[in-house]
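Structure record follows, encoded as structure tokens.
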Amino acid sequence: MLTKEQIAQRIARELRDGMYVNLGIGIPTLVANYVPKGMTIILQSENGMLGMGPFPYEGEEDPDLINAGKQTVTILPGGSFFDSAMSFGMIRAGKVDLTVLGAMEVADNGDIANWKIPGKMVKGMGGAMDLVASAKNIIVAMQHTDKAGNSKLLPKCTLPITGLRCVKKIVTDLGVFDVTPHGFKLLERAPGVTVEEIRAKTAGRLVVEGDVVEMSF
Amino acid sequence: MLTKEQIAQRIARELRDGMYVNLGIGIPTLVANYVPKGMTIILQSENGMLGMGPFPYEGEEDPDLINAGKQTVTILPGGSFFDSAMSFGMIRAGKVDLTVLGAMEVADNGDIANWKIPGKMVKGMGGAMDLVASAKNIIVAMQHTDKAGNSKLLPKCTLPITGLRCVKKIVTDLGVFDVTPHGFKLLERAPGVTVEEIRAKTAGRLVVEGDVVEMSF
Amino acid sequence: MNKVFKNAEEAIHDIKDGMVLMLGGFGLCGIPENCIAALVKKGVKNLTCISNNAGVDDFGIGLMLKQRQVKKMISSYVGENAEFERQLLSGELEVELIPQGTLATRCMMAGYGIPAFYTPAGVGTEVAEGKEVRNFNGKDYLMEYAFDADFALVKAWKGDTMGNLIFKDTARNFNPLMAMAGKITVAEVEELVPAGELDPNQIHTPGIYVHRIFQGINYEKRIEQRTVRKRD
Amino acid sequence: MNKVFKNAEEAIHDIKDGMVLMLGGFGLCGIPENCIAALVKKGVKNLTCISNNAGVDDFGIGLMLKQRQVKKMISSYVGENAEFERQLLSGELEVELIPQGTLATRCMMAGYGIPAFYTPAGVGTEVAEGKEVRNFNGKDYLMEYAFDADFALVKAWKGDTMGNLIFKDTARNFNPLMAMAGKITVAEVEELVPAGELDPNQIHTPGIYVHRIFQGINYEKRIEQRTVRKRD
């Protein structure tokens, strides 16, 4: 089983030089720690920044410089600030190459639910609906099952939808999956996890072809 | 009869302190010369400038600083530059208080034609259609008749339309007219011009109520 | 021509019960602190507030919620706010949640005189309920309308007496968009300068969009998530 | 990651016959002089050019018209241009005239991922022919579509190696809008600087929209209407 850091580390292998990337809150944020040396990745923060850098040094926090998670951050050389309309403009126009976000549920047709649990407090969708409706390439980073052990990879989402048929790839603690017309295609297994265990914990259609590689770190 | 300068001078009396104004090419441009002392008028040039100033001094022309007529100009303190989408954005949103432009024909319902003469060279509408479709207050500055002596104040435009029911006021060499539901309402006569002459040269519906003031300069 | 007001109280003196207000800011970043304080002092009620967030319990729009001045919030994310939650669950507060990009764009379109536009955000979700869905180039989009607001209250870094505004870093966010959208736009600035001091090429909001401007005071600029790294 | 090209020839090497190009500039102000020269040299044909104007006889897009490289012009104003007039009257050149604000906004919407929007410009005119008319709040509007262009060729004042652009004065005009709209955007700049030299708050076009950038040379910057006043 992968740790959260390993999920992020595995997703970082999808990065290519020059990509513009939007990372959601939680595990996706950790992906920034695993950008391969020598590779330039430009992080977009949807509140209005390109070239997001690391947290500021103690004492250098600037309340006017935060990311979409409201954390104090820095900007790297070559970055830029802009308003929220342009920020979502570049997202909708497909200029952001990769979006990584968390999810409560993903359906085997790529539907995603990650913004609301009816009956509980609703915090709002923030920019998630814009991102999933627009991004060319969406990778979901999440645990394979919820706390009760129920699969989060489903034949159909049960929670309110965030976006339809948009997820391209999922990295969970158990494996890596492409969303295909035939369902979740298992690409890689986490170290020590068997195809059978994955099959047992995947409620949606699972496609397994030939030998499935075991990830190594 | 008014000279071109007097038409501009008369239109300048419609200005109020703090107005944002867009002046078209020709007679409208001259209005800028008659802004009353002590009054602040901010000129918008639809290629992307607020606070347009006079022509530059000889030798100070900057090819990067032109107005919508492609003339070299200057910018006044407190002015700003912006792109053409924002420029027409503020026009469409009704932020420009007054638009003054020329016309080939105006109909007595406020329709205007000023962009095309079929069969002759078509230069294009430029920003005229956006301006007339959006401006809160449009004053037309033009000669009352064409070179052949035909009225340009018509019951209906004969040339291709630029915009519908948009002209609010017309200042010609013969008089000042409001566009009302009953037609062109004569507000003021040019010095030495009689109501009868205006009536004879106005093809559209003309409304004359009581004594009509003669303009003085 | 005078757009300069003495302070927030005077700049918002004619905001009345039941009006629709836009308030700039993302989280607590770039919020019009002075205007909010003046609204709280004035005690106007039944307001509809268009703002990406609803502040926190004891700061930002949270202060107005505490006083029950807000009838309806139109936001994309209302975060952690106990008083907000209480009013929402009790039915005292009406909430319309809309995607963040749609919120931003509906402000911009108001300032651009475009009454409606199409966006893919929310297709197939609760957000699409009652909205026109239309297909362009094989993809579905929702029709969304420009906002209509009585007042827009924004916060800028620098401003001049003509109403020109410059924003700093991510405190820009919704501020220039809302500045374009208000029937009356009130801008509070950290530094008010004479006309001509700002570079005309660097102005984010041209003065034509700003009706009132004043020098703000006592900015608290509270940080929601203070995240730092150690020096090596 | 390298967006920097040596010159115009290399930056436009893959523009092919029949493509749709956007070219920035208003009149001869802020036009991509180097790119136009390279297109003329390359001799690509059957181009559709989206540009507010068509240059003059011997400069700007006029140079491409002279070589009959343009199949169709999409513009708001084509001004005085004898060769243009000749090709138009002879039917060699197709011309689509659209209102200037609509032209600008259709570029912007492409960069904002909004496929269609409503504008009042052109209602009741020839421009409305074949277009959807829709009433919002008692006023009629036309539905207009975002543009779709293979390449956008723009000219900026300063740019950095990440593709960030800053424009000067009214040479900004359509450039930042088209920069957002090209499938591939090529920017020529008067001054190319290393990443980090431009103030991130003053960037007009963020680098994400710009795929290729190069240091332009030999700018002529021709003035169409030289108007001056005498010193007192």
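Throughout, a chain's letter reflects where its sequence line sits, starting with A, and its residues are numbered from 1.
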Looking at [X], I want to see if its [atom1] is surrounded by more than 12 non-hydrogen atoms of other residues, nucleotides or ligands under 6.0 Å.
X	atom1	value
A:K95	NZ	yes
C:M143	CE	yes
A:K4	NZ	no
A:K156	NZ	no

Out of [options], return the one with the most heavy atom pairs under 4.5 angstrom to chain A.
options	answer
C:L97, C:V95, C:T105	C:L97
C:H204, C:E126, C:R106, C:M108	C:E126
C:K139, C:Q225, C:K230	C:Q225
C:V127, C:T119, C:L28, C:I98	C:I98
C:A104, C:P99, C:A54, C:A121	C:P99

Practice item. Decide, yes or no, whether a salt bridge links A:D64 with C:R172 under the criterion of side-chain N to carboxylate O below 4.0 Å. Key: no
Review point. Below 4.0 angstrom, N of the basic side chain to O of the carboxylate: do C:R231 and A:E58 qualify?
Key: no
How many angstroms lie between atom [atom1] of [X] and atom [atom2] of [Y], to the nearest 0.5 angstrom?
X	Y	atom1	atom2	value
C:R229	A:T74	CZ	OG1	5.5 Å
C:T170	A:F82	OG1	CZ	10.5 Å
C:R226	A:F55	CZ	CZ	13.0 Å

Revision key, fill the gap. Exactly one candidate in C:R222, C:E220, C:K221, C:E224 meets side-chain contact (heavy atoms from CB on, under 4.5 Å) with A:P63; the answer is C:K221
Check your understanding: What are the two closest non-hydrogen atoms of C:G122 and A:M129, and how far apart are they?
Key -> CA-SD, 3.8 Å
Revision key, fill the gap. Note: A:A133 and C:P120 closest approach over all heavy atoms is CB-O, 3.4 Å
Could you look at [X] and say if it's the side chain, the backbone, both or neither that has a heavy atom under 4.5 Å from chain A?
X	answer
C:E96	neither
C:L103	neither
C:D140	neither

Practice item. Could you give me the CA-CA distance, side-chain angles and deciding distance for A:T72 and C:I223, then say whether side-chain contact (heavy atoms from CB on, under 4.5 Å) is met? Key: CA-CA 8 Å; A:T72 46; C:I223 291 175; 3.7 Å; yes
Top of [options] for chain C proximity - count of heavy-atom pairs under 4.5 angstrom:
options	value
A:P54, A:P56, A:G127	A:P56
A:R92, A:K70, A:E61	A:K70
A:G59, A:A85, A:S45, A:G48	A:A85
A:D130, A:I66, A:L164	A:D130
A:L131, A:L65, A:I91, A:V73	A:L65
A:G163, A:A128, A:A68, A:S80	A:A68

Would you check if [X] and [Y] make a side-chain contact, meaning some heavy-atom pair closer than 4.5 Å?
X	Y	value
A:D83	C:N175	no
A:M125	C:Y77	no
C:L177	A:S84	yes

Is it the backbone or the side chain of [X] that comes under 4.5 Å from a heavy atom of chain C, or both, or neither?
X	result
A:F88	side chain
A:S87	neither
A:E46	both
A:N67	backbone

Review point. Yes or no on salt bridge (Lys or Arg N to Asp or Glu O under 4.0 Å) for C:K168 and A:D62, after CA distance, side-chain angles and deciding distance?
Key: CA-CA 11 Å; C:K168 183 170 155 282; A:D62 182 345; 2.8 Å; yes
